[in-house]
Number of protein chains: 2
Amino acid sequence: MLLMLAALASPRRREILRLIWRQPRSAGEIHRAMPDVTFGAVSLQLGVLADAGLVESRAEGRSRIYRVCNKRALGPLRQWLERMWDDQLWNLKLAAELEEARRGPKPQPIKKRK
Amino acid sequence: MLLMLAALASPRRREILRLIWRQPRSAGEIHRAMPDVTFGAVSLQLGVLADAGLVESRAEGRSRIYRVCNKRALGPLRQWLERMWDDQLWNLKLAAELEEARRGPKPQPIKKRK
DNA sequence: GTAACATGTTAGTTTAAACTAAAATGTCAT
DNA sequence: ATGACATTTTAGTTTAAACTAACATGTTAC
């Protein structure tokens, strides 16, 4: 429970949580909706959310789908978060991000051979 | 509201909040119940809690008394915090701390002249 | 098997929070 | 006024979170 609170304190993690609140998404989709950070960063934060018991994942093909779990356990905070995310401005921003995500991948840092 | 969440994410600030949950206390009392940090640190954290709208203070003599405000606004989290703090172990620990506080002041860092 | 994709993990860096030590401010009593 | 007490603030340090870049793992299709 304490972990949960700490996990929700980070704006980045709340952003991730919002993206998968209604509909589960792959790590890649989530990342493409947040072009300002690397994929690695997103993956780490997904790990934090998982440790807090807020999200769980299942493998699907080569992707891994993340979804919110424990919405119930969030209890009090759930309404608070949903109310915030139902705000019109939030939704406009979300739509733009998902459109961006659908369009295609972003260049990740170049890879060198070992 | 976002500030509130961030403020509650810190164990130290939750500890302070717990100390003044039922009964307002001076900054000094709070500090003496937390001998492992300097008074300055406590004062700064009280500032954070105040910025988050979780505590307010009034001057009384040369002391300043802090109390929790907005217990209502905490809404959902309120029950959660109270339940945690009503736990027996927590209360034993709290009693010891307050006894310690009543007994007397701790040596603060030595002061040099400017 | 290899190649391309999707995600995960590691090591090192950057950024921000929390803290200490000291000085500054403010209050009460004399 | 001075001196003792109570708190706040500042500057600098320590500690921890978040991030990047690279490498590693795992899956699918060939």
Side-chain angles (χ1 to χ4, degrees), chain A residues 2-3 5-17 20 24-52 55-67 101 104-114, chain B residues 2-3 5-17 20 24-52 55-67 101 104-114:
Chain A
L2 294 163
L3 279 178
L5 201 54
L8 289 172
S10 152
R12 182 77 69 193
R13 286 191 291 267
R14 282 198 304 270
E15 196 181 354
I16 292 176
L17 208 62
I20 61 176
R25 299 185 196 280
S26 72
E29 281 179 296
I30 297 168
H31 170 235
R32 287 192 294 277
M34 319 171 71
D36 56 325
V37 282
T38 61
F39 183 88
V42 172
S43 182
L44 289 173
Q45 297 290 27
L46 282 169
V48 175
L49 287 168
D51 289 345
V55 308
E56 59 189 5
S57 62
R58 62 187 156 88
E60 185 179 290
R62 29 187 163 181
S63 291
R64 180 160 284 270
I65 308 297
Y66 285 84
R67 68 167 187 176
K106 283 273 172 170
Q108 272 292 108
I110 43 122
K111 296 177 187 178
K112 290 177 188 170
R113 276 279 91 222
K114 61 175 169 183
Chain B
L2 294 163
L3 279 179
L5 201 54
L8 289 173
S10 152
R12 183 77 70 191
R13 286 191 293 267
R14 281 198 305 269
E15 197 180 354
I16 292 176
L17 209 62
I20 61 176
R25 301 184 195 280
S26 72
E29 282 179 294
I30 297 168
H31 170 234
R32 286 192 294 278
M34 318 171 71
D36 56 323
V37 282
T38 61
F39 185 89
V42 172
S43 182
L44 288 173
Q45 297 290 27
L46 282 168
V48 174
L49 287 167
D51 289 344
V55 308
E56 59 189 5
S57 62
R58 62 187 157 88
E60 184 179 291
R62 31 187 161 180
S63 291
R64 182 160 283 272
I65 308 296
Y66 283 85
R67 68 166 186 176
K106 282 274 173 171
Q108 272 292 109
I110 44 123
K111 295 178 186 177
K112 290 177 187 171
R113 276 279 93 224
K114 62 175 169 183

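These figures come from a predicted structure and were not determined experimentally. A note on names: the letters A, B, ... follow the listed sequences, proteins ahead of strands, and every chain is numbered from 1.
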Please report the distance, rounded to the nearest Å, between [atom1] in [X] and [atom2] in [N].
X       : N      : atom1 : atom2 : answer
B:Phe39 : C:dA24 : CZ    : P     : 18 Å
B:Leu49 : C:dA17 : CG    : C1'   : 14 Å
B:Ile16 : C:dA17 : CD1   : C1'   : 14 Å
B:Ile65 : D:dT8  : CD1   : P     : 11 Å
A:Ile30 : C:dT7  : CD1   : P     : 9 Å
A:Leu44 : C:dT9  : CG    : C1'   : 8 Å
B:Arg14 : C:dA18 : CZ    : C1'   : 15 Å
A:Glu60 : D:dT28 : CD    : C1'   : 14 Å

Decide yes or no for A:Glu29 and A:Ile20: does some side-chain heavy atom of the first lie under 4.5 Å from some side-chain heavy atom of the second? no

Identify whether any heavy atom of B:Gly47 sits under 4.0 Å from a base atom; if not, whether one sits that close to sugar-phosphate; answer base, sugar-phosphate or nothing. nothing

Just checking A:Ala41: base, sugar-phosphate only, or nothing, at a heavy-atom cut-off of under 4.0 Å? base

Looking only at side-chain N and O atoms, does [X] come under 4.0 Å of OP1 or OP2 in [N]?
X       : N      : result
A:Ser43 : C:dG8  : yes
B:Arg13 : C:dA18 : yes
A:Tyr66 : C:dA6  : no
A:Gln45 : D:dA17 : no
A:Arg12 : D:dC19 : yes
A:Ser26 : C:dT7  : yes

Have a look at B:Glu60 and tell me which of B:Arg58, B:Arg62, B:Arg64 forms a salt bridge (Lys or Arg N to Asp or Glu O under 4.0 Å) with it. B:Arg58

Residue closer to the 5' end of DNA chain D, A:Gly61 versus A:Val48 (nearest nucleotide): A:Val48

Starting at the 5' end of DNA chain D and moving along, which residue's nearest nucleotide shows up first, A:Asp36 or A:Arg62? A:Asp36

Distance col, row B:Leu8:CG vs B:Arg14:CZ, nearest 0.5 angstrom, shows 7.5 Å

Gap separating the CG atom of A:Leu46 from the CD1 atom of A:Ile16, nearest 0.5 angstrom: 4.5 Å

C:dA4, C:dG8, C:dT10: which one has an atom nearest the side-chain heavy atoms of A:Arg64? C:dG8

Quick one: which of C:dA4, C:dG8, D:dC5 gets closest to the side chain of A:Ala27? C:dG8

If every non-hydrogen atom of B:Ser26 is compared with every non-hydrogen atom of B:Ser63, which pair is closest and at what distance? CB-CB, 4.2 Å

